[in-house]
Amino acid sequence: SSVWPASVSVHGGASVTLTGSGFALPNKSMPVAISLCAVPCASVQFASLTSVVCVTGKTPSSVERACNLTSGITVAGAPVRCVAADNCPFAFSFNATPSVTSASVTPMNSTATAVPTTSPQPTTSPATTSASGTATTATGTAAATTAAGSTPMPATAPPAPAVVGAGSWFSVTGSGFLPNTTVALGPTECVVAWSNATFILCELAAGAGGLHSLVVTVPTKGFAASVVPAFRVPVRVTSVWPSVGSLGGGQEVVVTGMGFGTRAGPFP
């Protein structure tokens, strides 16, 4: 009978609430599958007889899509449709899609540089430190040069990704941010200290190593579009104690470092 919000990001990630009747059994023994404008939801957060909450998926090729909502909710194989007077209009819209245009970070070393995940960016000025203590990383490319009649040489490889870790501060600039917007670097939370509609300041928590993208999720809208480069969280061992153990095994060893992640287990 209703859907809220009625307009969300084309990149998915929005929690959409549908209210009505006959959605699912209270004991969750019946599967609930939802699609909005023929875009399957990525997951179902909640399901009851009178309401369901699903997290939207990304539209194909991240294009806009609108419809009078056919929810595609399935209960025991039976489809359920919107019966509201307005036919539950719903849209994946560019206007509802937040954007991230830049992210500066206090790097772990002064030479670290963020690089795009797709193609190198034009050369910018060297890293500078602002009053907030953040530094803007510089990116650049080198043009390929060839001698007459010689084999063309490839352009110089782009710089390595910026190295960040627990305690790094990110200054994120964009548009469409709302209160309670969240930021993460891959699976790791970046704890928001301050934000407004166009700026977010957050501190990276301890997390898993690897090359990760910055993900900004805006309530009622979903994932922000982003052109921000990826960043690298290194896996480093700073100490091992004790340094000697029995040949027969059984010795507990404490390994200290960073980038181990939040769950114990074998490392790749």
Side-chain angles (χ1 to χ4, degrees), residues 11 13 55 98-118 121 124 126-140 158-174 177-219 222-243 252-268:
H11 295 285
V55 178
S99 66
V100 174
T101 54
S102 67
S104 62
V105 63
T106 303
M108 295 182 63
N109 60 75
S110 59
T111 60
T113 303
V115 295
T117 54
T118 53
Q121 298 295 305
T124 60
T128 57
T129 302
S130 68
S132 63
T134 59
T136 302
T137 57
T139 61
V163 177
V164 298
S168 293
W169 285 87
F170 284 80
S171 298
V172 182
T173 303
F177 303 152
L178 296 174
N180 298 319
T181 292
T182 62
V183 183
L185 189 65
T188 304
E189 180 185 11
C190 193
V191 181
V192 176
W194 190 87
S195 67
N196 62 20
T198 60
F199 179 82
I200 300 171
L201 179 66
C202 66
E203 183 181 13
L204 187 65
L211 189 65
H212 301 299
S213 296
L214 200 66
V215 179
V216 175
T217 307
V218 180
F223 298 136
S226 177
V227 295
V228 171
F231 297 87
R232 183 176 297 280
V233 177
V235 178
R236 292 176 178 170
V237 174
T238 56
S239 68
V240 177
W241 184 89
S243 59
E252 289 188 353
V253 178
V254 178
V255 180
T256 304
M258 65 176 293
F260 298 161
T262 56
R263 294 185 298 175
F267 294 101

S.K.: Which of parallel (below 30°), tilted (30 to 60°) and perpendicular (above 60°) describes Phe231 and Phe170?
M.R.: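 The rings of Phe231 and Phe170 stand perpendicular, inter-plane angle above 60°.
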S.K.: Just to verify, what does Ser226 make a side-chain hydrogen bond (donor to acceptor under 3.5 Å, both in side chains) with, not counting sequence neighbours?
M.R.: none
S.K.: For Val237, check side chain to side chain contact (heavy atoms under 4.5 Å, CB included) against everything at least two apart and list the hits.
M.R.: Val240, Val255, Phe260
S.K.: CH2 of Trp169 to OG of Ser104: how many Å apart, nearest 0.5 Å?
M.R.: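 Interatomic distance, Trp169 CH2 to Ser104 OG, rounded to 0.5 Å: 12.5 Å.
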S.K.: Applying side-chain hydrogen bond (donor to acceptor under 3.5 Å, both in side chains), can you list everything that pairs with Ser239, at least two apart in sequence or on another chain?
M.R.: Thr256
S.K.: Residues two or more places apart in sequence or in another chain: which of them pass side chain to side chain contact (heavy atoms under 4.5 Å, CB included) with Val55?
M.R.: Ser15, Ser43, Gln45
S.K.: Nearest 0.5 Å, what's the OG-CD distance between Ser168 and Glu203?
M.R.: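 It comes to 8.5 Å.
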S.K.: Passes side-chain contact (heavy atoms from CB on, under 4.5 Å), Phe177 versus Val100? Steps please.
M.R.: CA-CA 9 Å; Phe177 303 152; Val100 174; 4.2 Å; yes
S.K.: Please find the pair of heavy atoms, one from Ala206 and one from Thr188, that lie closest to each other, and give the distance.
M.R.: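 Where Ala206 meets Thr188 most closely, the heavy atoms are O-CG2, 3.7 Å.
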S.K.: For Ala225, check side chain to side chain contact (heavy atoms under 4.5 Å, CB included) against everything at least two apart and list the hits.
M.R.: His11, Thr97
S.K.: Look at atom CG of Asn180 and say whether more than 12 heavy atoms of other residues, nucleotides or ligands are closer to it than 6.0 Å.
M.R.: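 Count not over threshold, so no.
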S.K.: Under the criterion side-chain contact (heavy atoms from CB on, under 4.5 Å), I'd like the reasoning laid out for Val164 against Val233: C-alpha separation, chi angles, the key distance, then a yes or no.
M.R.: CA-CA 5 Å; Val164 298; Val233 177; 3.9 Å; yes
S.K.: Sequence neighbours left out, what passes side chain to side chain contact (heavy atoms under 4.5 Å, CB included) with Thr101? Give chain and number order.
M.R.: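 With neighbours one apart ignored, the set is Ser99, Thr173.
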S.K.: Between Val218 and Pro98, which heavy-atom pair has the shortest distance, and what is it?
M.R.: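 So the minimum-distance heavy-atom pair works out to CG2-CG, 3.4 Å.
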